[in-house]
Engineer: 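I am attaching a structure below and will ask some questions about it afterwards.
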2 protein chains.
Amino acid sequence: MEKEIELFRGELKKIHLRVTSQRLKIVEAFLKTEKHITCDELYLIVRRNHPDIGYTTVYRTLKLIQETGLAREADLGDKVLRLEHEFGHKHHDHLICLKCGRFFEVFDPDIELLQEKLARKHKFNPIRHKMDIFGYCQKCSLKQ
Amino acid sequence: MEKEIELFRGELKKIHLRVTSQRLKIVEAFLKTEKHITCDELYLIVRRNHPDIGYTTVYRTLKLIQETGLAREADLGDKVLRLEHEFGHKHHDHLICLKCGRFFEVFDPDIELLQEKLARKHKFNPIRHKMDIFGYCQKCSLKQ
DNA sequence: AGTATAATTGAAAATGAATTTCAATTTCAA
DNA sequence: TTGAAATTGAAATTCATTTTCAATTATACT
Ligand SMILES: [Mn+2]
Ligand SMILES: [Mn+2]
Ligand SMILES: [Zn+2]
Ligand SMILES: [Zn+2]
């Protein structure tokens, strides 16, 4: 987590933003959770230990966390914006259970390669992609 | 388009909903466009020829269009809900240009197969998936 | 240290797409 | 024909996201 925080500090300084105690507390809270978290969820967590920090500051810091490369958007199929750790985390895709909402992070190098090829075939220069497979996890498959 | 409209009529009747002139006009307008369309965009189109039809009815009919299997959600990376034709259209994924916003519909059977395998490997029962590759189309790649 | 300047904060307000409410109207089936 | 059910569209509501603004705080420069 130290590395991430150093990165955060550095990036802020680069763009002449200040490293405030609020920002640090928020980024620490974000780094501690391993979920795909919404702004509201993070706010509720931060508030437990730091009741003086407002929602707006969490919201704005979450933007900074994205901009500094610590987080990226993750879509779990509900309609709220969720963020997941980016720095130090390899790219991966998701299996998302339609019943219980749990998700699994997966990676398949063969698919990645074919995606690249597919794009090239269409003279398209791929930058990033999102692949989400929706269905039923083992537990929910059994229960049905 | 006749086939789609017959399906729509049939599905409505199945669930004891009425085939009204508004619904028909809206579904026809939807079927005529080949874009990934938002509710608002469709409303504006419908309004041109049928100024008496309200936004709410378009919104509700769009839900029905989805439920009857004529449309599915399509995410182009902006934050608005878009719908694309489903019935009679094969599954496909998207290459989405980050610069001009245009998109290309693509399909790769090898990727589809590997996706299925990947899910199975994790004891996951896949139902549907979404794969969007973001990057730059040929035109926008050259311009940069 | 003192002061000017710029950034930060959090409450409140604004935004905007998605959704619901409701009273009036229309359709259907008996 | 008549009562029940469905439909409609305007208006209101919801809810996440984003902006505004006045007060506070940090920083840079004498
Ligand atoms: Mn993830
Ligand atoms: Mn499409
Ligand atoms: Zn599950
Ligand atoms: Zn382009």
Side-chain angles (χ1 to χ4, degrees), chain A residues 8-30 35-68 71-83, chain B residues 8-30 35-68 71-83:
Chain A
F8 187 65
R9 298 184 98 106
E11 290 296 317
L12 288 192
K13 279 185 185 151
K14 251 190 226 168
I15 47 180
H16 303 288
L17 295 185
R18 291 168 189 166
V19 179
T20 64
S21 71
Q22 287 98 327
R23 284 176 178 163
L24 280 176
K25 284 162 187 162
I26 293 165
V27 75
E28 279 166 23
F30 172 73
K35 299 193 303 181
H36 291 190
I37 204 170
T38 66
C39 182
D40 201 61
E41 288 166 355
L42 186 59
Y43 167 62
L44 292 177
I45 290 172
V46 167
R47 198 173 62 170
R48 286 206 286 263
N49 296 315
H50 312 288
D52 294 341
I53 296 181
Y55 178 90
T56 314
T57 304
V58 174
Y59 167 77
R60 283 188 285 227
T61 304
L62 225 26
K63 290 268 162 196
L64 291 175
I65 289 174
Q66 275 185 81
E67 286 162 24
T68 56
R72 70 164 156 243
E73 293 187 9
D75 180 6
L76 290 188
D78 51 7
K79 306 282 178 176
V80 267
L81 180 61
R82 293 175 176 276
L83 294 183
Chain B
F8 186 65
R9 299 184 97 105
E11 290 296 316
L12 287 192
K13 279 184 184 150
K14 249 190 228 169
I15 48 181
H16 304 288
L17 295 185
R18 291 168 188 167
V19 179
T20 64
S21 70
Q22 287 96 330
R23 283 175 179 164
L24 280 177
K25 283 163 188 161
I26 293 164
V27 77
E28 279 167 23
F30 172 73
K35 298 195 302 182
H36 292 190
I37 204 170
T38 66
C39 182
D40 201 61
E41 287 166 356
L42 186 60
Y43 167 62
L44 292 177
I45 290 172
V46 167
R47 198 173 61 169
R48 285 207 287 262
N49 296 315
H50 313 288
D52 294 342
I53 296 181
Y55 177 90
T56 315
T57 303
V58 174
Y59 167 78
R60 283 188 286 227
T61 304
L62 226 25
K63 289 268 163 199
L64 291 176
I65 289 174
Q66 275 185 83
E67 285 162 25
T68 57
R72 69 165 156 245
E73 293 188 7
D75 180 7
L76 289 189
D78 49 6
K79 306 282 181 176
V80 267
L81 180 61
R82 293 174 176 276
L83 294 183

Engineer: Looking at B:R18, does any N or O in its side chain come under 4.0 Å of the phosphate oxygens OP1/OP2 on D:dA5?
Structural biologist: no
Engineer: Looking only at side-chain N and O atoms, does B:K63 come under 4.0 Å of OP1 or OP2 in C:dT19?
Structural biologist: yes
Engineer: Report the nucleotide, chosen from C:dT9, C:dT21, C:dT8, that has the shortest atom-to-atom distance to any side-chain atom of A:L17.
Structural biologist: C:dT8
Engineer: Report the base-pairing partner of D:dC21 (Watson-Crick or G-U wobble, both distances below 3.5 angstrom), or none.
Structural biologist: C:dG10
Engineer: For the pair B:R82 and B:E41, evaluate side-chain contact (heavy atoms from CB on, under 4.5 Å) and give the outcome as yes or no after the intermediate values.
Structural biologist: CA-CA 10 Å; B:R82 293 174 176 276; B:E41 287 166 356; 3.6 Å; yes
Engineer: Using OP1 and OP2 only, check whether a side-chain N or O of A:T20 sits under 4.0 Å from C:dT9.
Structural biologist: yes
Engineer: Quick check on DNA chain C: between B:T38 and A:Y55, whose nearest nucleotide comes earlier from the 5' end?
Structural biologist: A:Y55
Engineer: Starting from C1' on D:dA5, measure out to CD1 on B:I15 and report it in whole angstrom.
Structural biologist: 15 Å
Engineer: Identify whether any heavy atom of A:T56 sits under 4.0 Å from a base atom; if not, whether one sits that close to sugar-phosphate; answer base, sugar-phosphate or nothing.
Structural biologist: base
Engineer: Under 4.0 Å: is that the gap between some side-chain N or O of A:R23 and OP1 or OP2 of C:dA7?
Structural biologist: no
Engineer: To the nearest Å, how far apart are A:R60 CZ and C:dA7 P?
Structural biologist: 14 Å
Engineer: Take the protein atom CG of A:L24 and the nucleotide atom P of C:dT9, then report the distance between them rounded to whole Å.
Structural biologist: 10 Å
Engineer: Using the salt bridge (Lys or Arg N to Asp or Glu O under 4.0 Å) rule, take A:E28 and A:K25 through it: C-alpha gap first, then chi angles, then the decisive distance, then the call.
Structural biologist: CA-CA 5 Å; A:E28 279 166 23; A:K25 284 162 187 162; over 6 Å; no
Engineer: Mind calculating the distance between OH (A:Y59) and P (D:dT18) to the nearest angstrom?
Structural biologist: 3 Å
